[in-house]
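Counting convention: from 1, in listed order, for ligands and their atoms alike.
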Amino acid sequence: MNKQIVLNERPISYPTLSCFKEVLSPLPEISAGQILAQTIYVSLDPYIRGRMNDAPSYAPPMKLGEVINGGGISKIIESKNPKYKAGDLIFSFCGWQQYSVLESSDIMIALDPRLGPPIGALGILGMPGFTAYLGVTDIGKPKAGETMVVSAAAGAVGNIAGQIGKLKGCRTVGIASGLDKCKKLKELGFDECVDRSLPQFAESLRAACPKGIDFYFENSGGKIFETVFPLLNIKSRVALCGMSSAYNTNQLSDRPDVTSLMLAGMLTRRILIQGFMTLDHSDRFAEFNSVVAPWFLQGKLKSWDSVTLGLENAPQVFIDQMNGKSMGKVIIQVQPL
Ligand SMILES: NC(=O)c1ccc[n+]([C@@H]2O[C@H](COP(=O)([O-])OP(=O)(O)OC[C@H]3O[C@@H](n4cnc5c(N)ncnc54)[C@H](OP(=O)(O)O)[C@@H]3O)[C@@H](O)[C@H]2O)c1
């Protein structure tokens, strides 16, 4: 049988356990061109929350009863596709289930064993690492000696963005909630980490950035962005990667609208704020690998994975992630490797 976790109901704000349901289905048969794969790891990512809404976004919403979407690493157990053979490890959008039937169009990447343990394909050498690389390389373009600030720095993307910024010679300042996250970020090489959960967050951020901010890697939005904005230097850059503070609310903010003030600040300080989507750049994945994999293999970049055993734990782990309790790349191990 195939254990699956499906969308049971849509969240109104933060997801709850009742949004998810565990079901058992018969193991599917495969036809020509398809493969049957056994899931080893499933990646939990913030974009899943967007797909739980019944609203158009850059990807279509999940349907009620549909297996929760998501990428993962699987082992092929049967193949009727000449490109893949039993035993191969692949990355694909397998979803939250023990077994999946996949076709080439499910974006399968055969994993290269020379790149270290396969779990890396979900974090540092996968989508989060690629996202961090694109934001830093294409938008931040930091120069040695500049100050780079990263929000949600203890998340999958943020910790890698800061590590890449450090390799480019930046003074790196992470923003995260809690001592444990800040301690780990310093171990990963961040020069400073500011705890946004403390009342003196704004003062601490200012003190950590005595020369202002040249490059801001934005993962959070909301109050955090408003705290960072006054510190942005003339000709600074903002890589607008994510808005985690907004994903679990369907209400407009009750804070004063500061859009006009911010636009005025952007104008006078010539600030570049640019959004980007990693899915627009799949043709550059090989370039990313050629730059970042050697850094990783040489120990210049470190991976930070938080692995929980058991598919049945995925809903609670995802709820914790949406509540800011996660650290590093959030992964569920479904079966032993
Ligand atoms: N543009 C793209 O193509 C692209 C690709 C991948 C990811 N993203 C986006 O990039 C961001 C980071 O992704 P990720 O994979 O690193 O996520 P992640 O690992 O889930 O990030 C975890 C961190 O997000 C923060 N967070 C979680 N819920 C929050 C909330 N309700 N309010 C404020 N902060 C919250 C927490 O930081 P604190 O320590 O501050 O609490 C937490 O440590 C997300 O917004 C994601 O959607 C964009």
Output a table of donor-acceptor pairs, distance under 3.5 Å, between side-chain atoms of residues 108-121 and any protein atom two or more places apart or on a different chain; print 'none' if there are none.
residue: D112; atom: OD1; partner: R114; partner atom: N; Å: 2.9
residue: D112; atom: OD1; partner: R114; partner atom: NE; Å: 3.1
residue: D112; atom: OD2; partner: R114; partner atom: NE; Å: 3.3
residue: D112; atom: OD2; partner: R114; partner atom: NH2; Å: 2.8

Taking every heavy atom of R49 against every heavy atom of N53, the minimum-distance pair comes out as NH1-OD1, 2.7 Å
Which residue pairs satisfy the disulfide (SG to SG under 2.5 Å) criterion with at least one member in residues 118-185, sequence neighbours excluded?
C182-C193
Taking the six-membered ring of W304, is NZ or CZ of K184 closer than 6.0 Å to its centre and within 45° of its axis?
yes
Quick check on side chain to side chain donor-acceptor pair (under 3.5 Å): which of K211, R171, R237 does E146 satisfy it with?
R237
I need the contact residues for ligand 1: any residue with a non-hydrogen atom closer than 4.0 Å to the ligand, ordered by chain then number.
Y14, P46, M127, T131, A152, G155, A156, V157, A176, S177, K181, R196, N219, C241, G242, M243, S244, S245, Y247, F276, M277, T278, Q321, M322, G324, S326, G328
Not counting sequence neighbours, which residues clear ring-ring contact (aromatic ring centres under 6.0 Å, His included) with Y133? List them please.
F288
